[in-house]
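The block underneath contains the structure these notes are about, expressed in structure tokens.
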Amino acid sequence: MATDSIDLESRRVPGSQTTYYIPNFVTEEEEEYVIRKIRESPQQLWKNLPNRRLQILGGGMSAKNILVPQEFPPYLNTFPDLIGRMRETGVFQSSPHGAPNHVILNEYLPGQGIMPHEDGPSYHPAVATLSLGSHTVFHYYQYKLDEEDTLSAPTSEARGKSIDKTPVLSMLLEPRSLVITTSSLYTSHLHGIDDVHEDLFYQGDVESSVGTKLTVANADLLADEGVKDVVLKGGVLKREVRYSLTCRDVEKVAAKIMLGKR
Ligand SMILES: O=C(O)CCC(=O)C(=O)O
Ligand SMILES: [Fe+2]
């Protein structure tokens, strides 16, 4: 897809100031290729967590939030050059290096998700998430001042605060789509994915795991007519194995150590 021709404003998610949804950011062939490369990657790159597994690409973070850089796998910056394509969207223009330099690759099996959490201050000013292999439903949550109707907050920065269990914004992320967030929705809210095997839709709403119905904020921006039909008329979408690539530009980067003789 020629991303330099993207009119971002037309992709803005209703109800958000600066969240953009770009369906078909990669083609089906590119999706299949990247998934194959991910599956062929060395087993030791995976970190197993109770409800998903992940790879950290582009280097590790030091305790002081400094990126200790490492080479990206070629699918990120050579072919199909996902990072270059994200640069072309223009949303990283004001970020420190003009393009993401750090990526978290998550793998979710059907029935797996991620509890509401914050990613921390390094995720500024833009975060781009590419979904591959499956749709998912992504929720943004806010903290609550009173103690009613809350979820427990699992992360250390959130401990002691309670979370409003009704999301402030919910989006259906189609496979191959890119979602870009440049606002406080990412930095001062929490985000999460319910650990379900399928998602239930009712005339533009999605049922959350606590039984409430939530508007699918990006329903009009969906590209797959079949999916859009299910969301708008009602029905079920079964989750498949999903890979997500959460990409960001870390401001502070340690100097590369030069090995070998001069
Ligand atoms: O899979 C996703 O889209 C979200 C991943 C996420 O929130 C994270 O890795 O911190
Ligand atoms: Fe996150």
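First listed ligand is number 1; within each ligand, the first listed atom is number 1. No hydrogens, no waters, no symmetry mates; every other heavy atom, side chains included, goes into these values.
- Shown in contact with Phe138 at under 4.0 Å from a heavy atom are these atoms of ligand 1, numbered in order with element: 3 (O), 4 (C).
- With a 4.0 Å heavy-atom cut-off, ligand 1 is reached by no atom of Thr136.
- Numbered from 1 in the order shown, with element, the atoms of ligand 1 that lie under 4.0 Å from a heavy atom of Tyr108 read 1 (O), 2 (C), 4 (C), 5 (C).
- The shortest heavy-atom distance from Ile193 to ligand 1 is under 4.0 Å.
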>> Could you go through His117 and His191, starting from their C-alpha distance and side-chain angles, then the distance that decides it, and tell me whether this counts as ring-ring contact (aromatic ring centres under 6.0 Å, His included)?
In response: CA-CA 6 Å; His117 66 281; His191 53 274; 4.2 Å; yes
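- More than 12 heavy atoms of other residues, nucleotides or ligands lie within 6.0 Å of CD in Glu207, so this atom counts as buried by the packing criterion.
- In terms of protein heavy-atom proximity, atom 9 (O) of ligand 1 is nearest to Asn106 ND2, 2.9 Å.
- Between Tyr143 and Tyr141, the gap from one ring centroid to the other reaches at least 6.0 Å.
- Contact annotation for Asp119 and ligand 1: only side-chain heavy atoms (C-beta onward) come within less than 4.0 Å of the ligand.
- In terms of protein heavy atoms, atom 3 (O) of ligand 1 is closest to Arg242 NH2, 2.9 Å.
- Taking only nitrogen or oxygen atoms, main chain and side chain alike, Ser244 reaches within less than 3.5 Å of ligand 1.
- Ionic pairing of Glu30 and Arg85 is present here: one or more N-O contacts between side-chain nitrogen and carboxylate oxygen are shorter than 4.0 angstrom.
- Closest to atom 7 (O) of ligand 1, if we only count protein heavy atoms, is His191 NE2, 3.0 Å.
- Classification of the Tyr243-Trp46 ring pair by plane angle, with boundaries at 30° and 60°, yields tilted.
- Which parts of ligand 1 touch Thr129 is read off a 4.0 Å heavy-atom cut-off, strictly below it: atoms 3 (O).
- A salt bridge is defined here as a Lys NZ or Arg NE, NH1 or NH2 lying under 4.0 Å from an Asp or Glu carboxylate O, and Glu40 with Arg36 meets this definition.
- Between Glu107 and Arg53 there is a salt bridge, since a side-chain N of the basic residue sits under 4.0 Å from a carboxylate O of the acidic one.
- Atoms of ligand 1 found under 4.0 Å from any heavy atom of Ile114, numbered from 1 in the order shown, are 6 (C), 7 (O), 8 (C).
- Arg87 CZ: 12 or fewer foreign heavy atoms inside a 6.0 Å radius.
- Among the atoms of Asp119, an N, O or S atom falls under 2.8 Å of the Fe ion (ligand 2).
- Looking at Leu54 against ligand 1, nothing comes within 4.0 Å, counting heavy atoms.
- Residues Tyr140 and Thr181 have side chains that bring a donor and an acceptor to within less than 3.5 angstrom of each other.
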